Number of protein chains: 2
Amino acid sequence: MGRPRSFDETAVLDAAAAEFRVYGFADTSTEQLCAAAGVRRSSLYNAFISKDELFVRALERYATVFRERRAQVVADVRLSGAERLRVLMEDVVGEECAAREQGHAAGCMFVQTRMAPGLRERDERVVRILDRDQREFLDALEGVIRAGRLDGSIRADADPHEGALLVATVISGLRVTAQAGVEYGLLRRIALNGLHSLLG
Amino acid sequence: MGRPRSFDETAVLDAAAAEFRVYGFADTSTEQLCAAAGVRRSSLYNAFISKDELFVRALERYATVFRERRAQVVADVRLSGAERLRVLMEDVVGEECAAREQGHAAGCMFVQTRMAPGLRERDERVVRILDRDQREFLDALEGVIRAGRLDGSIRADADPHEGALLVATVISGLRVTAQAGVEYGLLRRIALNGLHSLLG
DNA sequence: TGCTTTCTGTATTCTGGAATACAAAATGCG
DNA sequence: CGCATTTTGTATTCCAGAATACAGAAAGCA
């Protein structure tokens, strides 16, 4: 059946996503992608058709990785609703700070892409992925907030839909603020203060 | 003295900033800039040396416009501290929603630029502008929060420095969330909920 | 040992868009 | 008017980086 692939397709997608989320689509060259993934250009173009196509697939991959990580926390019934929210925030802050230690910012493919109209127009799949992920995330958050209201860890007068949007907003904000070089502890407190209307 | 400029330099910078903040540096072509500013390419290159140079100057301009708008609100002693914060949020939400009516998103040159490492590296002035503006904004916010604590409109236990960073974070988050097409009233409530730890 | 497919490596083409070059008309000023 | 400088308009150059081409070597499998 011919020589098999010597590289792992999803590993390449992960590497590509890691580059894209930091430098954005336009400022990531194909050779940069090759270097990051440890794959020759010919192989890259053979496996994925073009830079655009690779981007879409990397975005898909990025979305599923995130979804799974989130699902872990969201479904963790050992934690109260409030605790689950805190862990989610913790993850974001940790990720950003860890990335900063390595020199560059973590970035976020969603934030990057959402702020780039050109990218969204280039391929309708991009919009679909973004929208689907956003909706799923908000739904999950709503569930957590409802759970928190039941177990008493979240204010009873908190609107789940509104609360979910607030959490998402604060997370996006943190990703931007983190670029300015705010230290870990402070960033963490900001995150919690942002959710004050939920956590009381 | 030769033929004078037929266009207003700052008007061009405003137009350029308007394009950049929506489409970002890479996805804004020079002819797009010419069209937006109503100026021929030759004139553009004559007045501003290059696209890079134009970007830096547009960013500078963008910063001063924002600074002045903010200063208006921040210095308005007729309003309580809390009210001033509310007006600042209101402005952001209004701007984003107004832009959406016109089809495209408002975007934000600061958010765009801060999330683009390539852009920051291209010119040290970019970093300087970003940092200076951020510091100024945070200082102004700190002042407002202190004032609010004195006039009783803001919780006495709110830390000014932390609070300022929270406001800035929520604003950045709103700019991202707004891209997802959240309606005005909801966005407004999110903004206020984000400041709950300050406003009580 | 063939057959097939992927890999390595390098060289080449293609292309969008930034930047330059002029020539000629326009405009203000002394 | 004559000088200086900016505009208009088009045509051209230039370049980074995406994409293609292709010739072998490598690797699996029947």
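Naming: A, B, ... by sequence-line order, numbering from 1 per chain. Worth saying up front: this structure is predicted, and the values here are computed from it rather than measured.
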Requested in this report: Provide the closest heavy-atom pair for A:S153 versus A:G81 in the form atom of the first, atom of the second, distance.
Outcome: OG-N, 3.5 Å
What pairs of nitrogen or oxygen atoms, one from the protein and one from nucleotides 12-15 of chain C, lie under 3.5 Å apart?
none

Query raised in the report: So, is B:T30 close to the C:dA18 phosphate, meaning a side-chain N or O under 4.0 Å from OP1 or OP2?
Result: yes
**Report entry** d(CZ, A:F25; P, D:dA16) in whole Å
**Finding:** 19 Å
Requested in this report: Keeping to residues at least two apart or across chains, list the side-chain hydrogen bond (donor to acceptor under 3.5 Å, both in side chains) pairs with something in residues 188-200 of chain A.
Outcome: A:E90-A:R188, A:R189-B:E162, A:N193-B:E162, A:H196-B:H196
Requested in this report: Please check if atom CD in B:E31 has more than 12 non-hydrogen atoms from other residues, nucleotides or ligands closer than 6.0 Å.
Outcome: no
Requested in this report: Please check if atom CD in B:E9 has more than 12 non-hydrogen atoms from other residues, nucleotides or ligands closer than 6.0 Å.
Outcome: yes
Using nucleotides 28-30 of chain D, report all nitrogen or oxygen pairs with the protein that are shorter than 3.5 Å.
none

Query raised in the report: Which is it for B:M109 and B:F66 under the side chain to side chain contact (heavy atoms under 4.5 Å, CB included) test, yes or no, and what are the steps along the way?
Result: CA-CA 11 Å; B:M109 231 174 148; B:F66 253 62; over 6 Å; no
Query raised in the report: Among A:F25, A:Y23, A:F48, which one satisfies ring pair (Phe, Tyr, Trp, His ring centres under 6.0 Å) with A:F55?
Result: A:F25
Query raised in the report: Atom CG of A:N46 and atom P of C:dT4: how far apart are they, to the nearest Å?
Result: 17 Å
**Report entry** A:S29 vs D:dG17: side-chain N/O to OP1/OP2 distance below 4.0 Å
**Finding:** no
Query raised in the report: Are OP1 or OP2 of D:dG9 and a side-chain N or O of B:R40 less than 4.0 angstrom apart?
Result: yes
**Report entry** Distance in angstrom units between A:I49 CD1 and D:dT20 C1', rounded
**Finding:** 15 Å
Report task. Applying salt bridge (Lys or Arg N to Asp or Glu O under 4.0 Å), run through A:R57 and A:E53 and close with a yes or a no. Result -> CA-CA 6 Å; A:R57 299 216 33 206; A:E53 206 63 23; over 6 Å; no
**Report entry** Protein-nucleotide distance (A:Y23, atom OH; D:dG17, atom P), rounded to Å
**Finding:** 14 Å
Query raised in the report: Under 3.5 Å, is there a donor-acceptor pair linking the side chains of A:S50 and A:D52?
Result: no
Query raised in the report: Over how many whole Å does the gap from A:E31 atom CD to D:dC15 atom C1' extend?
Result: 14 Å
**Report entry** Shortest side-chain distance from B:Y45, nucleotide among C:dA18, D:dA18, D:dT7
**Finding:** C:dA18
Query raised in the report: When we call it a touch if two heavy atoms are under 4.0 Å apart, what does A:S42 touch: a base, just sugar-phosphate, or nothing?
Result: base
Report summary line: Whole-Å distance, B:R5 CZ to D:dA4 P, equals 19 Å
Requested in this report: Check whether any side-chain heavy atom of A:L85 lies under 4.5 Å from a side-chain heavy atom of A:I154, and answer yes or no.
Outcome: yes
Query raised in the report: Among C:dA19, D:dT20, C:dT8, which nucleotide sits nearest the side chain of A:S43?
Result: C:dT8
**Report entry** For atom CZ of B:F48 and atom P of C:dA19, their distance in whole Å
**Finding:** 14 Å
Query - Integer-rounded Å distance: C:dT8 C1' and A:L44 CG - result: 14 Å
